[in-house]
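These numbers were taken from a predicted model, which means no experiment stands behind them.
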Amino acid sequence: MLAITRLNAIKEIIRQQKSVLVSELAPRFNVTEETIRRDLKKLEDEGLVTRVYGGAYSTGGVQNDVNISLRQTILVDEKRAIACRCLPSITNGDCIFLDCSTTVLELAQLLTQYSLTVITNSLKVADCLAACNDIRLILVGGTLHHTSMSFLGQSACSALANYYVDKAFVSCRSLSIRHGITDSNEEQSLLRRVAIQSSDQVFLLADHTKFDTTSFSKIATLDEISTLVTDHPLSPEWKEYMNSKGFCYIDADLE
């Protein structure tokens, strides 16, 4: 296959899937991983993708569902800082919901010594906490979504609706003063909406890249959230808005 033909084929895969893994593309085109990395570098130079360790993802469009293997390599320090800022809000004995985001997965990794009831739709969160004797783990069933390694669909939403939790920790793809909290995946939005409605307190975990953008499907309005937890100081516009509404926010301030 000619290099230009392979490059166009990779563009089409990215257009359809929104993200690609080097380890999957190399055998597909019968070339080395180094060749694929050079191809992705060319696409990044064209402004079509953002490269991360192990692959690349498209940054454009409201329906942009990035593979969790790639998301786990993006902004790791920022996500960990956000997770750390959530810990003072969690006490032994709490019943909490953890969604399938990689930021919430960072939080799950900090909870292994707690005594909690944890409800989740995330296979990765469940795997992280499965060996913890003091954690009562409830995994809501449904259809496995491989991109996020989480269970989605009507079965998952119905199962989750049977529970009430003290605190829900959820993330999103986008956050906007005008459009509220949105996500690229409609099924993820629906499940998070159920979690928000079933929780006494809702913590939204969102790094700075998610602000002032909008994705395909609405999760909730900002006034449905108890506390916003982020990694950088809020902009003056966001501070003014949050303060005017009386909303609580916590920033990790890595600067």
Taking A206's backbone N and O only, do any of them form a donor-acceptor pair with T230's side chain (distance below 3.5 Å, no angle check)? yes
For the pair S226 (side chain) and V202 (backbone), establish whether a donor and an acceptor sit closer than 3.5 Å, ignoring hydrogens and angles. yes
Can you find a pair of side-chain heavy atoms, one from H146 and one from L144, that are under 4.5 Å apart? yes
Within the 4.5 Å heavy-atom criterion, are L204 and V229 side-chain neighbours or not? no
S171 and side chain to side chain donor-acceptor pair (under 3.5 Å): which single residue from Q188, K210, K79 fits? K210
Please find the pair of heavy atoms, one from F97 and one from T120, that lie closest to each other, and give the distance. CE1-CA, 4.0 Å
Spacing of L87 atom CG and L107 atom CG [to the nearest 0.5 Å]: 6.0 Å
Quick one: closest heavy-atom pair of M242 and L234, and the distance? CG-CD1, 4.0 Å
Residue pairs passing the salt bridge (Lys or Arg N to Asp or Glu O under 4.0 Å) test with at least one member in residues 131-145, sequence neighbours excluded, are none
OH/Y249: more than 12 non-hydrogen atoms of other groups inside 6.0 Å: yes
D39: which residues meet the salt bridge (Lys or Arg N to Asp or Glu O under 4.0 Å) condition with it, sequence neighbours left out? R6
Is there a path from V31 to V49 through hydrophobic residues (I, L, V, M, F, W, Y) whose side chains come within less than 4.5 Å of each other? yes
Side chain of E224, backbone of T221: donor and acceptor closer than 3.5 Å? yes
Step through the shown structure and confirm whether more than 12 heavy atoms of other residues, nucleotides or ligands are within 6.0 Å of OH on Y164. no
Which residues pass the side chain to side chain donor-acceptor pair (under 3.5 Å) test with S176, sequence neighbours left out? none
Taken to the nearest 0.5 Å, the spacing of I219 CD1 from L190 CG works out to 10.0 Å
D127 side chain to L123 main-chain N or O, any donor-acceptor pair under 3.5 Å? no
Any idea which heavy atoms bring L98 and L129 closest together, and the distance? CD1-CD1, 4.3 Å
Does any part of the side chain of L222, heavy atoms only, come nearer than 4.5 Å to the side chain of L175, both counted from C-beta? yes
In Å and rounded to the nearest 0.5 Å, what is the CD1 to CG distance from I96 to D166? 9.0 Å
Residues which pass salt bridge (Lys or Arg N to Asp or Glu O under 4.0 Å) with E33, listed by chain and number, not counting sequence neighbours: R37
What are the two closest heavy atoms between A220 and I196, and how far apart are they? CB-CD1, 3.8 Å
How long is the straight-line distance from CD1 of I10 back to CZ of R28, given to the nearest 0.5 Å? 9.5 Å
Identify, with sequence neighbours excluded, every residue that meets side chain to side chain donor-acceptor pair (under 3.5 Å) alongside D212. W238
Using the test ring-ring contact (aromatic ring centres under 6.0 Å, His included), find all partners of F203 that sit at least two apart in sequence or belong to another chain. F169
Could you check whether any side-chain N or O of S199 sits under 3.5 Å from a backbone N or O of A195, counting only pairs where one atom can act as donor and the other as acceptor? no
Yes or no on side chain to side chain donor-acceptor pair (under 3.5 Å) for S150 and H145, after CA distance, side-chain angles and deciding distance? CA-CA 5 Å; S150 66; H145 181 245; 4.6 Å; no
Residues two or more places apart in sequence or in another chain: which of them pass ring-ring contact (aromatic ring centres under 6.0 Å, His included) with Y114? none
Interatomic distance, CG@N243 vs SG@C248, rounded to 0.5 Å, equals 10.5 Å
Transitively linked via ILVMFWY side-chain contacts under 4.5 Å: V165 with V118? no
If a pair satisfies salt bridge (Lys or Arg N to Asp or Glu O under 4.0 Å) and one of its residues is in residues 90-105, list it, with sequence neighbours excluded. D94-K167, D99-R192
Quick one: does I138's side chain get under 4.5 Å of Y163's, heavy atoms only? yes
Over all heavy atoms of both residues, which pair between L191 and A156 is shortest? Give the atoms and the distance, please. CD1-CB, 3.6 Å
Within the 4.5 Å heavy-atom criterion, are S198 and V194 side-chain neighbours or not? yes
L205 side chain near C86 side chain, heavy-atom distance below 4.5 Å: yes
Could you check if a side-chain atom of V20 sits within less than 4.5 angstrom of a side-chain atom of E24, using non-hydrogen atoms only? no
Return yes when atom CD of E34 has more than 12 non-hydrogen atoms of other residues, nucleotides or ligands closer than 6.0 Å, and no otherwise. yes
Taking all non-hydrogen atoms of both residues, which atom of S122 and which atom of L139 are closest, and how far apart? O-CD1, 3.8 Å
Show every salt bridge (Lys or Arg N to Asp or Glu O under 4.0 Å) that has at least one partner inside residues 42-54, sequence neighbours left out. K11-E46, K41-D45, E44-R51
Just by distance, do the side chain of R85 and the backbone of I250 share a donor-acceptor pair under 3.5 Å? no
Count the heavy atoms belonging to other residues, nucleotides or ligands that lie under 6.0 Å from CG of N162, then report whether that count exceeds 12. yes
For the residue pair S158 and S155, confirm or rule out a side-chain donor-acceptor distance under 3.5 Å. no
Look up atom SG in C172 and atom CG in N185, then write down how far apart they are to the nearest 0.5 Å. 13.5 Å
Without swapping roles, check the side chain of D231 against the backbone of H208 for a donor-acceptor pair under 3.5 Å. yes
List, by chain and number, the other hydrophobic cluster members for I4, where Ile, Leu, Val, Met, Phe, Trp and Tyr join if side-chain heavy atoms come within less than 4.5 Å, directly or indirectly. L2
Please identify each residue that fulfils side chain to side chain donor-acceptor pair (under 3.5 Å) with K218, with sequence neighbours left out. none
Which of these passes side chain to side chain donor-acceptor pair (under 3.5 Å) with S189: S217, S184, S215? S217
Sorted by chain and number, sequence neighbours left out, side chain to side chain donor-acceptor pair (under 3.5 Å) with R80 holds for E106
